[in-house]
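I have placed the structure first, in the form of structure tokens, so that the comments after it can refer back to it.
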Amino acid sequence: MSNLLAGKVGIISGALNEESIAWKVALKAHAEGARFVLTNAPLAMRMGEINKLAEQCEALIIPADATSMEDLEKLFSGAQEHLGGKLDFVLHSIGMSANIRKGKHYGELNYEWYQKTLDVSALSFHKMLAVAEKQDAFNEWGSAVALSYIAAQRAFLDYTDMSQAKAMLESIARSYGQRLGKLKKVRVNTISQSPTKTTAGTGISGFDAFYEYANRLSPLGNAPAEACADYVVSLFSDLTRYVTMQNLMHDGGFSTTGISEEIVELMSNAKQ
């Protein structure tokens with residue numbers, strides 16, 4: 001432990017179980033000396049194991065529907081009251097698509113579910129930052145981080161409406177990064193993580209095949225969730241004070257690799 005986050009306080013959303021990136025971020029942040037409040041939607045809390053994480057990290061849980069301004073206002077005011085002051089960091093690790101869960105192809109999306117995908121997975125980040133701004137909840141040089149995916153820039157089969165949600169999420173980070181940077185020197189970034197075997201990730205059709213493809217294409221292999229947690233913590237720290245409005249690729253080189261020897265060999269063997 002290096003105490004990289006000693007004295008810093010914040011909010012970590014989206015920890016469902018031990019496979020969640022948010023769960024690993026919480027453990028890493030706790031090990032680095034941070035104190036924080038955990039939050040998730042009431043339904044997700046009933047499905048997950050967040051109480052176990054809270055005990056490990058000595059953290060308070062404040063349930064909140066991230067699409068509800070009323071819930072978010074209670075979350076941010078409650079977090080500041082419990083932690084004894086303004087916040088240094090916020091993690092947005094929230095995503096949901098009923099269209100993906102129910103196997104809807106891109107051409108047959110249910111538009112009510114589509115709007116819900118955008119609200120839960122992207123607009124919730126704007127709402128969190130808007131509430132934080134309204135309450136003046138951030139300390140100067142604070143940091144907000146949201147988890148994204150490269151499907152925001154590229155077409156991926158079966159990622160359907162989540163592709164648009166992630167694109168919106170990244171756009172919100174840029175726009176609010178500019179605003180909060182001028183207002184309070186708060187930086188806002190997204191991290192585009194490798195395909196990761198979380199509850200949400202493995203719910204996507206064909207995930208195992210794509211996970212293996214990305215692992216073979218990436219020079220460093222897929223970035224594990226633990227490494228992503230390290231990256232998030234670095235963005236919470238004072239070491240990255242001037243990094244803002246960025247979508248940061250954390251994918252072992254996948255996003256900038258055209259083809260690899262492993263893929264060439266795989267394709268060659270398939271033709272034999």
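In Lys74, the NZ atom is not crowded: 12 or fewer heavy atoms of neighbouring residues, nucleotides or ligands sit closer than 6.0 Å. The number of heavy atoms from other shown groups lying within 6.0 Å of CD (Gln56) is above 12. Taking a 6.0 Å sphere around CD of Glu81, one finds it holds 12 or fewer heavy atoms contributed by other residues, nucleotides or ligands.
A distance of 7.0 Å separates CG of Leu235 from CZ of Arg187, quoted to the nearest 0.5 Å. A distance of 14.5 Å separates CZ in Phe156 from OH in Tyr106, rounded to the nearest 0.5 Å. For the atom pair CG (Leu91) and CD1 (Ile191), the distance works out to 8.0 Å, reported to the nearest 0.5 Å. How far OG of Ser143 is from CG of Leu180: 11.0 Å, rounded to the nearest 0.5 Å. To the nearest 0.5 Å, the span separating OG1 on Thr39 from CE on Met128 amounts to 7.5 Å. Atom CG of residue Leu5 and atom CZ of residue Arg35 lie 12.5 Å apart, to the nearest 0.5 angstrom.
Looking at Lys104 and Asp161, no side-chain N of the basic residue comes within less than 4.0 Å of a carboxylate O on the acidic one, giving no salt bridge. Using a cut-off of 4.0 Å between Lys/Arg side-chain N and Asp/Glu carboxylate O, Glu140 and Lys185 are scored as not salt-bridged. With respect to Lys8 and Glu32, no salt bridge is recorded, no charged nitrogen being found less than 4.0 Å from a carboxylate O. Look at Glu170 and Lys166 and you find no salt bridge, because none of the NZ, NE, NH1 or NH2 atoms lies under 4.0 Å from a carboxylate O.
The side-chain hydrogen bond (donor to acceptor under 3.5 Å, both in side chains) test applied to Asn189 returns no partner, not counting sequence neighbours. Contacts of Lys52 classified as salt bridge (Lys or Arg N to Asp or Glu O under 4.0 Å), with partners at least two apart in sequence or in another chain: Glu18.
In the hydrophobic cluster analysis, where Ile, Leu, Val, Met, Phe, Trp and Tyr join through side-chain heavy atoms closer than 4.5 angstrom, Leu83 is grouped together with Val90.
Taking the six-membered ring for Trp and thresholds of 30 and 60 degrees, Phe89 and Phe236 have nearly parallel ring planes, at less than 30 degrees apart. Note: Phe210 and Tyr213 have tilted aromatic rings, judged against thresholds of 30 and 60 degrees for the angle between ring planes.
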Distance-only check: which donor-acceptor pairs under 3.5 Å involve side-chain atoms of residues 58-68, not counting sequence neighbours?
| residue | atom | partner | partner atom | Å |
| --- | --- | --- | --- | --- |
| Asp65 | OD1 | Thr67 | N | 2.9 |
| Asp65 | OD1 | Thr67 | OG1 | 2.7 |
| Asp65 | OD2 | Thr67 | OG1 | 3.2 |
| Ser68 | OG | Glu70 | N | 3.4 |
| Ser68 | OG | Asp71 | N | 3.1 |

